[in-house]
Chemist: 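Following this message is one structure expressed as C-alpha cells.
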Amino acid sequence: MQTSFEHFAAASMMGQPDTPPRANGSLCFHQPWERQAFGLAVALARDGHFEWEDFRQALIAEITAWESSHSRDDPGWDYYECWLNALERVTRIHFGSGKAAPLVQTLPTA
C-alpha cells in the first residue's frame with residue numbers, strides 16, 4: 001500500500017521519460033535494493049530534504065546519459081541503476097558528500 005506521497009511521486013512520473021517499471025499496474029522491483037532505493041528517495045523528498053522535481057530531473061538526466069552512450073537493445077539497461085545514480089547526485093548536492101551519500105552507497109546493489 002502506497003502512502004499519499006508515494007502515490008504522488010509515482011503518479012508524477014506516469015507517461016514521462018522517468019516512468020518506473022510496472023507490472024499489472026504496480027511498481028515492479030526485481031531486487032530488494034531497488035525497493036529500498038525507491039523508498040529512500042521518496043522518504044527524503046517527502047521529509048523535505050530535497051524537492052521531488054529535483055530528483056526527477058536528476059533521474060531524467062541519468063536516463064538520457066545512459067541512452068546516449070548505449071544502444072536501445074543493450075541488455076545492461078537497468079532503470080534502478082539510473083535511479084540510484086540520480087539519488088546519489090541529489091543527495092550530494094543537498095547534503096554534501098559526507099552525510100547522506102553513505103546511506104545511498106550502503107544499498108546492496110546486485
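Every heavy atom of this structure was used, including side-chain atoms; hydrogens, water molecules and symmetry mates were not.
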Chemist: For the residue pair A23 and C28, what are the closest heavy atoms and their distance?
Modeler: N-CB, 4.0 Å
Chemist: Between F38 and V42, is a side chain to side chain contact (heavy atoms under 4.5 Å, CB included) present by the stated rule, with each step listed?
Modeler: CA-CA 6 Å; F38 182 88; V42 170; 3.7 Å; yes
Chemist: Not counting sequence neighbours, which residues clear side chain to side chain donor-acceptor pair (under 3.5 Å) with W52? List them please.
Modeler: S12
Chemist: Taking all heavy atoms of L87 and all of F50, pick out the closest pair and write down the distance.
Modeler: CD1-CZ, 4.1 Å
Chemist: Measure the acute angle between the ring planes of Y80 and W33, then classify it against the limits of 30° and 60° as parallel, tilted or perpendicular.
Modeler: perpendicular
Chemist: What residues form a side chain to side chain contact (heavy atoms under 4.5 Å, CB included) with P32, not counting sequence neighbours?
Modeler: none
Chemist: For residues 58-66, which side-chain N or O atoms pair as donor and acceptor with protein atoms under 3.5 Å away, sequence neighbours left out?
Modeler:
unit_1, atom_1, unit_2, atom_2, d
E62, OE2, R89, NH2, 2.8
T64, OG1, I60, O, 2.8

Chemist: Enumerate the salt bridge (Lys or Arg N to Asp or Glu O under 4.0 Å) contacts for residues 67-78, please, sequence neighbours excluded, ordered by first and then second residue.
Modeler: none
Chemist: Main chain of D54, side chain of Q57: is a donor-acceptor contact present, judged purely on distance under 3.5 Å?
Modeler: no
Chemist: May I have the step-by-step check of side chain to side chain contact (heavy atoms under 4.5 Å, CB included) for W77 and H70, ending in yes or no?
Modeler: CA-CA 9 Å; W77 165 248; H70 297 79; over 6 Å; no
Chemist: Nearest 0.5 angstrom please: T19 OG1 to M13 CE, how far?
Modeler: 7.0 Å
Chemist: When you group the ILVMFWY residues by side-chain heavy-atom contacts below 4.5 Å and let the links chain together, are L27 and W83 in the same group?
Modeler: yes
Chemist: Filter on salt bridge (Lys or Arg N to Asp or Glu O under 4.0 Å), then keep only pairs touching residues 40-53, sequence neighbours left out; what's left?
Modeler: E53-R56
